[in-house]
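Count residues from 1 along the sequence. Just so you know, these numbers come straight off a predicted model, no measurement behind them.
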Amino acid sequence: MKKLFIFFILLIFNLFAKIDLVTLPSREKVQLTIYNSADLTLVRDERILTLKKGENSLQFSWANTLIDPTSLELIPKQDITSINISQLIFPPRVNELGIWKIDSKISKKIPFEISYFTSGISWEAFYIGTLSSDEKSMELKVYVKVINNSGEDYENASVRLVVGKINLLEMIKDLARRFPPYGTPGIITPAPMVYEEKAEMVRAAKILLAEAKGKEIIKEGVSEYFLYTIEGKENLPNKWIKRLLSFSQKDIPVEYFYKYEEERYGKSVRRFIKFANDQIHKLGKEPLPDGLIKIFKYINKEGNLSYIGSDRTKYIPIGEKVELDLGESKELKIDIKLMDTKTKNYMFNKDGNISGWEEEKIYKIKITNYKNLPVKVEIKRNFPHQYWKIEVDKNIQWEKYDLVSVKFTLNLSSLETREFTYKINLFEGDRRY
C-alpha cells in the first residue's frame with residue numbers, strides 16, 4: 001500500500017551532510033476536508049514526535065502523490081511557546097522532498113499536526129427519487145460518493161465534504177508536480193498562501209467532529225460554504241470509492257407535468273417534476289449539492305418500481321425551486337396542424353408597392369392522454385417576432401409567456417382526448433408600427 005515517507009531527524013541540521021533518518025510513528029488521526037467545486041482537499045495529519053532539546057529536523061516526502069508542497073504547514077499541538085518551527089527547506093537537486101527545522105527548549109513527546117492541500121480526492125452527490133403511484137409525492141434519498149485518486153492511503157479518517165465555490169490561483173495537481181516547489185530551491189520562511197480563500201477553508205476545517213454511535217452525515221453552515229461531516233471514521237485507500245447515505249425524506253409534495261415545445265424538444269412530449277428546497281416540501285434544512293437524480297415510481301401495492309427518467313441538477317440553495325427534465329414520454333401525444341393561412345390588410349407605399357400586411361394562421365391542437373391518471377400539460381408556441389395578436393378557443397387557459405411566445409396549460413382526465421384551435425395574426429412591414 002502507498003504510504004507517505006515522513007522521517008524524523010534527531011541531530012543538528014546540516015542541509016548538505018549525510019543524515020541518519022528515523023521513521024515516525026503511524027498517524028494518530030487524520031482529517032480530510034474535501035471540496036466538490038474544485039480538485040482540492042485539506043488534509044490535517046496528526047503524529048506524535050519525540051523532540052530533543054535543541055535543534056531537530058523533520059523530513060517530508062510527497063513522492064507519487066498529488067500533494068501541494070507550497071501548502072505544507074507543521075504546527076505543535078502543545079507546549080507551543082517552547083517550540084519554534086523556524087524553516088522549511090526544499091534541498092537542491094532533490095525532488096519531492098522538504099525538511100523542517102524545529103528548535104525545541106524541551107525534550108518531550110509532542111503531538112504535531114502536518115496540514116497540506118492535495119489533489120485527486122473528490123466527492124459527488126447523487127439522488128434516488130421514488131414517486132407515489134398517484135404521482136403527487138416523492139421519497140428522496142441523497143447519497144454522497146467519495147473517490148480517492150490522490151496516490152495516498154488514508155485510514156481511519158474523519159471526512160468532511162464542503163459545498164461552495166472557491167477561487168484557485170493555481171491548480172493543486174500542477175503545484176504537486178512542480179520542481180522545485182517555488183521555482184527555486186532553498187529556504188522558505190514561511191510558506192506563502194497561494195489561495196485567496198485559504199484562511200476561510202482552514203477555519204472551516206477546524207470545526208470539531210461530532211461524536212455519535214450511528215453512521216450519518218451532519219450538516220452545518222460555514223460562512224459561504226456548507227459542510228457535510230461524515231460521522232465516525234472511514235478507510236479511504238488510494239483508488240477506492242465509497243458511497244454513503246446523506247439523508248432520506250418521505251412524502252415530499254411534487255408537481256408531475258408535461259411540456260411540449262417544438263423548437264426545443266422537437267415533436268416529442270417531455271415529462272417534468274417540480275418541487276422546492278423548502279419546509280413546505282419537507283426540505284430546506286440545508287442546500288442540496290449538484291448531482292444526478294434518478295426517478296422511479298411505485299407501480300403496485302407490492303412495491304415494484306418502474307424507471308421514469310433522470311436529470312442532473314445544479315447546486316440548490318435553501319428556498320430555491322427545482323424542475324427536473326425526465327426525458328421523452330409516450331404517455332401523451334400532441335398533434336398540431338396548420339388549418340388555414342392567408343394574408344390581408346395590405347399597406348402600400350407612394351410607389352404603389354406593398355409595404356405592410358397581416359399574416360393570419362389558424363392551428364388545431366389535439367392532445368391525447370393514454371394514462372390512467374389525470375395529467376397537466378404545458379404547450380409553448382413561439383412566433384418569429386413580437387408584433388402579433390392571438391385568439392384562443394374559450395375555456396382554454398393561456399398566457400403571454402414573453403414577447404415572442406405563448407403558453408397553453410391544460411388539465412386532462414385519465415384517457416381523455418381534447419382539441420382546441422387558436423388564430424395568430426402576425427403584423428409585417430409597416431403594419432408593425
Side-chain angles (χ1 to χ4, degrees), residues 255-276 309-314 320-371 374-433:
E255 181 181 4
Y256 192 99
F257 63 103
Y258 298 82
K259 287 185 179 183
Y260 182 92
E261 183 180 356
E262 288 185 28
E263 291 80 2
R264 189 171 183 181
Y265 308 120
K267 297 290 187 178
S268 64
V269 181
R270 310 283 290 190
R271 49 188 153 194
F272 288 79
I273 287 180
K274 184 189 295 184
F275 60 96
S310 64
D311 196 7
R312 182 166 291 277
T313 180
K314 296 181 180 179
E320 186 166 301
K321 294 180 180 180
V322 185
E323 188 172 283
L324 305 178
D325 182 350
L326 302 181
E328 183 179 353
S329 173
K330 301 296 184 182
E331 298 164 331
L332 267 72
K333 184 178 179 182
I334 296 178
D335 291 316
I336 300 180
K337 292 182 179 180
L338 177 61
M339 305 302 292
D340 189 23
T341 181
K342 62 182 179 181
T343 57
K344 62 181 183 179
N345 294 335
Y346 298 101
M347 294 178 65
F348 299 89
N349 59 24
K350 61 181 181 179
D351 298 322
N353 297 319
I354 296 175
S355 61
W357 67 97
E358 289 183 36
E359 184 177 11
E360 181 182 284
K361 295 182 178 182
I362 299 175
Y363 288 91
K364 182 172 74 173
I365 299 180
K366 179 180 179 181
I367 309 104
T368 303
N369 176 20
Y370 295 105
K371 295 181 64 173
V375 299
K376 175 184 175 181
V377 58
E378 297 177 354
I379 302 172
K380 188 178 176 186
R381 299 293 288 164
N382 301 308
F383 310 129
H385 52 69
Q386 63 181 354
Y387 303 99
W388 51 270
K389 71 176 182 179
I390 192 171
E391 296 179 21
V392 185
D393 285 354
K394 293 182 179 180
N395 302 320
I396 297 297
Q397 180 183 342
W398 70 279
E399 61 180 302
K400 186 176 182 179
Y401 189 81
D402 55 32
L403 287 175
V404 294
S405 61
V406 297
K407 182 176 74 174
F408 304 103
T409 302
L410 295 92
N411 293 284
L412 278 69
S413 303
S414 62
L415 304 176
E416 181 185 359
T417 298
R418 190 180 305 180
E419 294 180 353
F420 72 94
T421 61
Y422 74 90
K423 180 172 68 175
I424 182 74
N425 285 73
L426 299 168
F427 300 95
E428 306 293 354
D430 290 343
R431 283 290 181 192
R432 296 181 181 182
Y433 307 102

Worksheet item: Within a radius of less than 6.0 Å around NZ of K344, do more than 12 heavy atoms belonging to other residues, nucleotides or ligands occur?
Response: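 Above 12, so yes.
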Discussion item. Does N395, at its CG atom, have more than 12 non-hydrogen atoms belonging to other residues, nucleotides or ligands within less than 6.0 Å?
Written reply: no
State, with a plain yes or no, whether a side-chain heavy atom of [X] is found less than 4.5 Å away from one of [Y].
X: K423; Y: N425; value: yes
X: R431; Y: N345; value: yes
X: I336; Y: R381; value: yes
X: K380; Y: K259; value: no

Could you give the distance from [atom1] ([X]) to [atom2] ([Y]), rounded to the nearest 0.5 Å?
X: L324; Y: D311; atom1: CG; atom2: CG; result: 5.5 Å
X: S405; Y: E399; atom1: OG; atom2: CD; result: 9.0 Å
X: Y256; Y: K274; atom1: OH; atom2: NZ; result: 14.5 Å
X: D335; Y: T368; atom1: CG; atom2: OG1; result: 7.0 Å
X: K333; Y: I367; atom1: NZ; atom2: CD1; result: 12.5 Å
X: E360; Y: L426; atom1: CD; atom2: CG; result: 10.0 Å

Worksheet entry | K342/E358 salt bridge by N-O under 4.0 Å criterion |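 The answer is no: the pair does not qualify as a salt bridge.
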List the residues meeting ring pair (Phe, Tyr, Trp, His ring centres under 6.0 Å) with [X], not counting sequence neighbours, and say none if there are none.
X: Y387; result: H385
X: Y363; result: Y422
X: Y260; result: none

Worksheet item: Taking the six-membered ring for Trp, are Y346 and F348 parallel (under 30°), tilted (30 to 60°) or perpendicular (over 60°)?
Response: tilted
Item to complete: Look at the aromatic rings of F272 and F257 and report parallel, tilted or perpendicular, splitting at 30° and 60°.
Response: parallel
For [X] versus [Y], what's the shortest heavy-atom pair and its separation?
X: L410; Y: I396; result: CD2-CD1, 4.1 Å
X: N382; Y: E261; result: ND2-OE2, 3.1 Å
X: W388; Y: V404; result: NE1-CA, 4.0 Å
X: T417; Y: K366; result: CG2-CE, 3.7 Å
X: E328; Y: R270; result: N-NH1, 3.7 Å
X: N411; Y: R418; result: O-NH2, 2.9 Å

Worksheet item: Which is it for I334 and V377 under the side chain to side chain contact (heavy atoms under 4.5 Å, CB included) test, yes or no, and what are the steps along the way?
Response: CA-CA 10 Å; I334 296 178; V377 58; 3.9 Å; yes
Got a donor-acceptor contact below 3.5 angstrom from the [X] side chain to the [Y] backbone?
X: R432; Y: F427; result: yes
X: D351; Y: N353; result: no
X: N369; Y: E416; result: no
X: W398; Y: E391; result: no

Worksheet entry | Worked verdict on Y258 versus K371 for side chain to side chain contact (heavy atoms under 4.5 Å, CB included) | CA-CA 12 Å; Y258 298 82; K371 295 181 64 173; 3.0 Å; yes
